[in-house]
Amino acid sequence: MSRVFSGVQPTGNLHLGNYLGAIKNFVRLQENHECIYCVVDLHAITAWQSPPELSQNTREVAAAYLAAGVDPKRSVIFNQSAVTVHAELAWIFNCVARLGWLNRMTQFKEKAGKNRENASVGLYIYPSLMAADILAYRATHVPVGEDQKQHLELTRDIAQKFNYDFGTDFFPIVQPLIFDSAARVMSLRDGRRKMSKSDPSDNSRINITDDPDTIVRKIRRAKTDPEPVPDGSGTLGTPSTRPEAFNLLEVYAALGDFSKSEIMSEFGGRPFSEFKARLAEVAVETLGPLGDEMRRLMGDPSEIDRVLIEGAARAEHIARPILGDIYDIVGFLKTGSSFSEN
Ligand code: AQP
């Protein structure tokens, strides 16, 4: 059976893009795959995180998985730092990956910005850790948003180089799972930038835990233009000329599982205010219960911790023997206690 691995960083402000681009698909995938869903706290600290907020945000991502319908009996849910195989394998991959490969990563360039010299080394080698996350389980499939495609390519390059260098076919060549709808939800303030946790403007995103009034207000104020809703004919613009307008259509399609042609035939040519009112209704219908369930779960952190502890034990049980095989391939002696205990 195919094995899926994916994760979300506990960096706060979980938003509609994280839900539509990642978490909603996690729920679908567990129907016909063995799924491992991680809260990637090691990735999170590649940028500064306040320690109490990191703990809170880690539980919050786990709560979002559970509230959205990820079933902890079927799927493995855990936080990355709890399974040390991730960090151990990442070191081996740091010695496989080439500087030239990492230098090409656009996400590092974007996140480091102009102050590159001051970025953490962790941010630079983030893709090796991502490769370790996936390959520690020999996962075969990874759901990816547009923004993660390049990192997944690097995972494939690392797996191929490892296999070639050591004359093995140990690592599978991971396949991306790309979902059509809402692969990239854009900011409500600027349709050319992705909706992001780290955007300083809270009005740029809809947080999963926003209350209904806030959701309605943010959608009402979302940037559009004086033109009516596109009707698909092209005379009312295209995604490149009206990115904000088309983004809202994408969001509506993904939230309600509608096709874009259905939406355009219903709303095309009508004023945006009418469409926004309907979009706000659908957003509240979806996110309202999700946010309520997250708040309920967050009210009992010990229950979330119980799920994470159980998940970490299951993840360790899969990953530790795989790391043992990798140690054999590399030529490391398995004299450490973590191997004798398994
Ligand atoms: N705007 C988005 N549209 C669709 N999918 C998105 N994802 C993130 N933003 C969007 C998907 O959410 C998953 C988890 O992402 P992450 O925690 O690794 O964070 P990120 O990709 O760095 O983006 P964020 O959440 O906005 O954080 P910041 O502000 O730190 O960049 C991934 O599957 C991602 O594709």
Side-chain angles (χ1 to χ4, degrees), residues 4-29 35-49 53-54 57-58 60-62 64-65 68 70 77 79-80 86 105-113 119-120 122-123 126-127 129-131 133-134 139 141-153 155 174 176-202 204-209 218 222 239 243-244 246-255:
V4 166
F5 180 93
S6 195
V8 173
Q9 296 187 70
T11 40
N13 302 328
L14 268 186
H15 53 76
L16 187 65
N18 298 134
Y19 174 66
L20 293 176
I23 300 171
K24 187 176 177 191
N25 298 326
F26 292 2
V27 180
R28 290 186 189 148
L29 285 168
C35 295
I36 302 172
Y37 296 131
C38 190
V39 184
V40 288
D41 49 6
L42 297 177
H43 283 288
I45 64 162
T46 55
W48 170 250
Q49 304 298 321
E53 283 177 21
L54 179 63
N57 291 335
T58 300
E60 193 172 273
V61 174
Y65 290 174
V70 176
I77 300 177
N79 58 305
Q80 191 183 23
H86 292 249
M105 295 296 109
T106 52
Q107 186 168 298
F108 175 77
K109 291 178 195 157
E110 278 165 24
K111 290 205 170 177
S120 75
L123 186 66
Y126 181 113
L129 179 59
M130 178 167 154
D133 297 337
I134 298 164
H141 292 81
V142 174
V144 278
E146 281 292 326
D147 50 342
Q148 291 298 333
K149 269 189 189 165
Q150 197 187 27
H151 285 168
L152 193 67
E153 275 302 317
T155 296
V174 187
L177 290 169
I178 297 170
F179 293 87
D180 294 343
S181 65
R184 200 164 158 89
V185 176
M186 309 311 281
S187 157
L188 299 182
R189 312 301 311 160
D190 177 351
R192 295 182 201 278
R193 291 210 332 261
K194 77 163 190 157
M195 186 177 284
S196 157
K197 300 190 197 99
S198 54
D199 193 316
S201 163
D202 192 56
S204 69
R205 67 182 158 260
I206 296 174
N207 300 308
I208 300 185
T209 49
K218 285 180 176 174
E244 288 85 10
F246 277 84
N247 181 44
L248 293 184
L249 293 185
E250 289 272 359
V251 167
Y252 183 68
L255 275 170

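Reckoned from all heavy atoms, side chains included, excluding hydrogens, waters and symmetry mates. All figures in this text were calculated on a predicted structure; none of them were measured in a lab. Order of listing sets the numbers, starting from 1, for every ligand and every atom in it.
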Inset, instruction - Would you please determine whether Lys111 falls within less than 4.0 Å of ligand 1 on a heavy-atom basis? - result: yes

Inset, instruction - Answer yes or no for His15: is there a heavy-atom contact with ligand 1 below 4.0 Å? - result: yes

Under 3.5 Å between any N/O of [X] and any N/O of ligand 1: does that happen in this structure?
| X | answer |
| --- | --- |
| Ser6 | no |
| Ser196 | yes |
| Val185 | yes |

I'd like to check which ligand 1 atoms, numbered from 1 as shown, lie under 4.0 Å from a non-hydrogen atom of [X].
| X | answer |
| --- | --- |
| Met195 | 1 (N), 2 (C), 9 (N), 26 (O) |
| Ala22 | 12 (O), 13 (C), 33 (O) |
| Asn18 | 7 (N), 8 (C), 9 (N), 12 (O), 14 (C), 15 (O), 25 (O) |
| Gly21 | 4 (C), 5 (N) |
| Ser198 | 28 (P), 29 (O), 30 (O) |

When you measure from the side chain of [X] to the backbone N and O of [Y], does any donor-acceptor pair fall under 3.5 Å?
| X | Y | answer |
| --- | --- | --- |
| Gln150 | Thr106 | yes |
| Gln49 | Ala44 | yes |
| Gln9 | Val40 | no |
| Gln80 | His43 | yes |
| Lys24 | Ala68 | no |

Legend entry - Salt-bridge present (Lys194, Asp199; N to O < 4.0 Å): no

Inset, instruction - Report the residue from Leu16, Asn13, Leu188 that forms a side chain to side chain contact (heavy atoms under 4.5 Å, CB included) with Arg205. - result: Asn13

Inset, instruction - Give the ring-plane orientation class for Phe26 versus Tyr37, where under 30° counts as parallel, over 60° as perpendicular and anything between as tilted. - result: parallel

Inset, instruction - May I ask which of Lys197, Lys194, Gln9 has a heavy atom nearer to atom 23 (O) of ligand 1 than the others do? - result: Lys194

